[in-house]
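Read through the structure below, which is laid out as structure tokens, and then see the notes.
Just so it is clear, the model here is predicted, and its values are computed rather than measured.
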Amino acid sequence: QVQLVESGGGLVQAGGSLRLSCVASGRIFSNYVMGWFRQAPGKEREFVAAIKWSGDSTYYADFAKGRFTVSRDNAKNTVYLQMNSLKPEDTAIYYCAASSLSVIFTTGRRYEYWGQGTQVTVSS
């Protein structure tokens, strides 16, 4: 069983930055993939970025490329999402998720474990 707890959300002006954190506890294996998703009001949940728990593999949604960076600190069992140049359309609840499938998927149903989410609001 894996537990995920996100933090770092908040209110920021357009052009600003936030860093989200996701602390994982429980049985995280080296083959796990950690993903970030978001869901805006009235919209479907969408993939943001993902990173493998070991190695250097990362993957980003097109809207995240060049603005967001996913990273991890294995010693702290923590995954981060650094978000720069934020736009009002980035406003959403951001979720951390974990997959045991070893391959980076952009589909939420491939992730077995989810955090409770953290709200990010970007004002114009």
**Message:** Taking salt bridge (Lys or Arg N to Asp or Glu O under 4.0 Å) as the cut-off, I'd like each qualifying pair that reaches into residues 54-65, sequence neighbours left out, listed once.
**Reply:** D62-K65
**Message:** Measuring centre to centre across the rings, with the benzene-like ring taken for any Trp, is F68 within less than 6.0 Å of W36?
**Reply:** no
**Message:** Applying side chain to side chain donor-acceptor pair (under 3.5 Å), can you list everything that pairs with D73, at least two apart in sequence or on another chain?
**Reply:** none
**Item:** Common cluster, Y113/F29, ILVMFWY with side-chain heavy-atom separation under 4.5 Å
**Value:** yes
**Linked, directly or transitively: I28 and V23 (ILVMFWY side chains, under 4.5 Å)** = no
**Request:** Please identify each residue that fulfils ring-ring contact (aromatic ring centres under 6.0 Å, His included) with Y95, with sequence neighbours left out.
**Result:** none
**Complete:** Closest non-hydrogen contact found for S54 with S30 is OG-O, 2.9 Å
**Item:** Working for side-chain contact (heavy atoms from CB on, under 4.5 Å), residues S99 and E112
**Value:** CA-CA 6 Å; S99 169; E112 300 104 304; 3.8 Å; yes
**Message:** Quick one: does any side-chain atom of Y111 pair with a main-chain N or O of F105 as donor and acceptor, under 3.5 Å?
**Reply:** yes
**Asked** Roughly how far, to the nearest 0.5 Å, is the CZ atom of R110 from the CG atom of L101?
**Response** 6.5 Å
**Request:** Report the distance from atom OG of S25 to atom CD of Q3, rounding to the nearest 0.5 Å.
**Result:** 4.0 Å
**Prompt:** Quick one: do L20 and I51 end up in the same hydrophobic cluster if we chain Ile, Leu, Val, Met, Phe, Trp and Tyr together by side-chain heavy atoms under 4.5 Å apart?
**Reply:** yes
**Prompt:** Does T107 use its side chain to pair, donor to acceptor, with the backbone of R109 at less than 3.5 Å?
**Reply:** no
**Message:** For the backbone of R27 and the side chain of Q1, can you confirm whether one donor and one acceptor N or O come within less than 3.5 Å of each other?
**Reply:** no
**Message:** Please find the pair of heavy atoms, one from A49 and one from L81, that lie closest to each other, and give the distance.
**Reply:** CB-CD1, 4.2 Å
**Request:** Work out which heavy atom in Y59 is nearest to a heavy atom in T106; give both atom names and the distance.
**Result:** CE2-CG2, 3.6 Å
**Asked** Between R67 (side chain) and F63 (backbone), is there a donor-acceptor pair under 3.5 Å?
**Response** yes
**Request:** State, with a plain yes or no, whether a side-chain heavy atom of Y94 is found less than 4.5 Å away from one of M83.
**Result:** yes
**Asked** Among the clusters formed by ILVMFWY side chains lying less than 4.5 Å apart, do Y80 and V5 turn up in the same one?
**Response** no
**Asked** Nearest 0.5 Å, what's the SG-CD distance between C96 and Q116?
**Response** 9.5 Å
**Item:** Matching residue for M34 among I104, V79, T78 - test: side-chain contact (heavy atoms from CB on, under 4.5 Å)
**Value:** V79
**Complete:** Rounding to 0.5 Å, atoms OG1 (T91) and NZ (K43) come to a distance of 10.0 Å
**Complete:** Sequence neighbours excluded, the answer for ring-ring contact (aromatic ring centres under 6.0 Å, His included) partners of W53 is none
**Request:** Report whether V48 and V33 are members of the same hydrophobic cluster (ILVMFWY, side-chain heavy atoms less than 4.5 Å apart, transitive linking).
**Result:** no
**Asked** Between the main-chain N or O of V70 and the side-chain N or O of Q82, is there a donor-acceptor pair closer than 3.5 Å?
**Response** no
**Candidate pair Y60 and T69, rule side-chain contact (heavy atoms from CB on, under 4.5 Å), full reasoning** = CA-CA 8 Å; Y60 295 90; T69 303; 3.8 Å; yes
**Request:** Say whether, by atom type as modelled, one donor and one acceptor occur between the side chain of K52 and the main chain of T58 under 3.5 angstrom.
**Result:** no
**Request:** Compute both the distance and the angle, then confirm whether R38 meets the cation-pi test with F47: under 6.0 Å from the six-membered ring centre, within 45 degrees of the axis.
**Result:** no
**Request:** If a pair satisfies disulfide bond (SG atoms under 2.5 Å apart) and one of its residues is in residues 35-91, list it, with sequence neighbours excluded.
**Result:** none
Show which side-chain atoms of residues 117-124 pair as donor or acceptor with protein atoms under 3.5 Å away, not counting sequence neighbours.
residue : atom : partner : partner atom : Å
T118    : OG1  : G9      : N            : 3.1
Q119    : NE2  : A92     : O            : 3.4
Q119    : NE2  : T121    : OG1          : 3.4

**Request:** Keeping the roles fixed (side chain from Q39, backbone from E44), state whether a donor-acceptor pair exists under 3.5 Å.
**Result:** no
